[in-house]
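Hydrogens, waters and symmetry mates play no part in the numbers below; they use all other heavy atoms, side chains included.
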Amino acid sequence: SFPGALPAPVFYLKQTFPREGDSVLLQCSVFSRTPATRVVFCKDGEEISSQRGLEGKIAYSYDHVVSRGSSGNYSCGYEIKESNNRVNRSQLSPAKYLSVTGHGGDQQSKYNCPCDGRERIHRQRAARQR
């Protein structure tokens, strides 16, 4: 479990209403005197990705490809290893809700599909009537 003593990082979610197949940028900014040893990205409180912390690095990014099950509350947190090797965890950032809208593929097929015969005939008639 993550609620720890360290202050929560700042969490950014670049796109809040993506379609399936879209890529969403999750960013976590850690402002800590001691460099983070690990940064985690969570969905509904469960870890979905982690990165090793680097000295001098503040902003960590995670490119999340959206699927049907991606709707949920996203947040991030970090860990710091103390001099006695004890791991100290931060509180999770305030969560941001990601809502997945429809299926990107369906949307595209509606507009990019080759027209079926009836549509083509209707278009030709409409063009002749102009």
Q: Measure the CG-NZ distance between D63 and K14 for me, rounded to the nearest 0.5 Å.
A: 12.0 Å

Q. What distance separates Q27 CD from S93 OG, expressed to the nearest 0.5 Å?
A. 12.5 Å

**Q.** side-chain contact (heavy atoms from CB on, under 4.5 Å) against N73, all qualifying residues, sequence neighbours excluded
**A.** D44, A95, Y97

(Q) Restricting to side-chain contact (heavy atoms from CB on, under 4.5 Å), what partner residues turn up for L54, sequence neighbours left out? (A) R52, K57, Y60

Mark yes or no for whether [X], through its side chain, and [Y], through its backbone, hold a donor-acceptor pair below 3.5 Å.
X	Y	answer
S90	L6	no
S23	V65	no
E20	S70	no

Can you give me the closest heavy-atom contact between [X] and [Y], atom names plus distance?
X	Y	value
E82	N88	OE2-ND2, 3.0 Å
L13	K96	CD2-CB, 3.9 Å
I80	A36	CG1-CA, 3.9 Å
P9	G77	CG-CA, 3.9 Å
S29	Y12	OG-CE1, 3.5 Å
S67	V100	O-CG2, 3.7 Å

Is it true that [X] and [Y] fall in one hydrophobic cluster, defined by side-chain heavy atoms closer than 4.5 Å?
X	Y	value
Y62	F11	yes
V30	I48	yes
Y78	I58	no

Q) Within 45° of the axis and under 6.0 Å from the centre of the six-membered ring of F41, does NZ or CZ of K43 qualify? A) no

(Q) Tell me yes or no: SG of C76 and SG of C42, less than 2.5 Å apart? (A) no

Q) Counting heavy atoms not belonging to E55, are there more than 12 under 6.0 Å from its CD? A) no

Q) Can we call the ring centroids of H64 and Y74 under 6.0 Å apart? A) yes

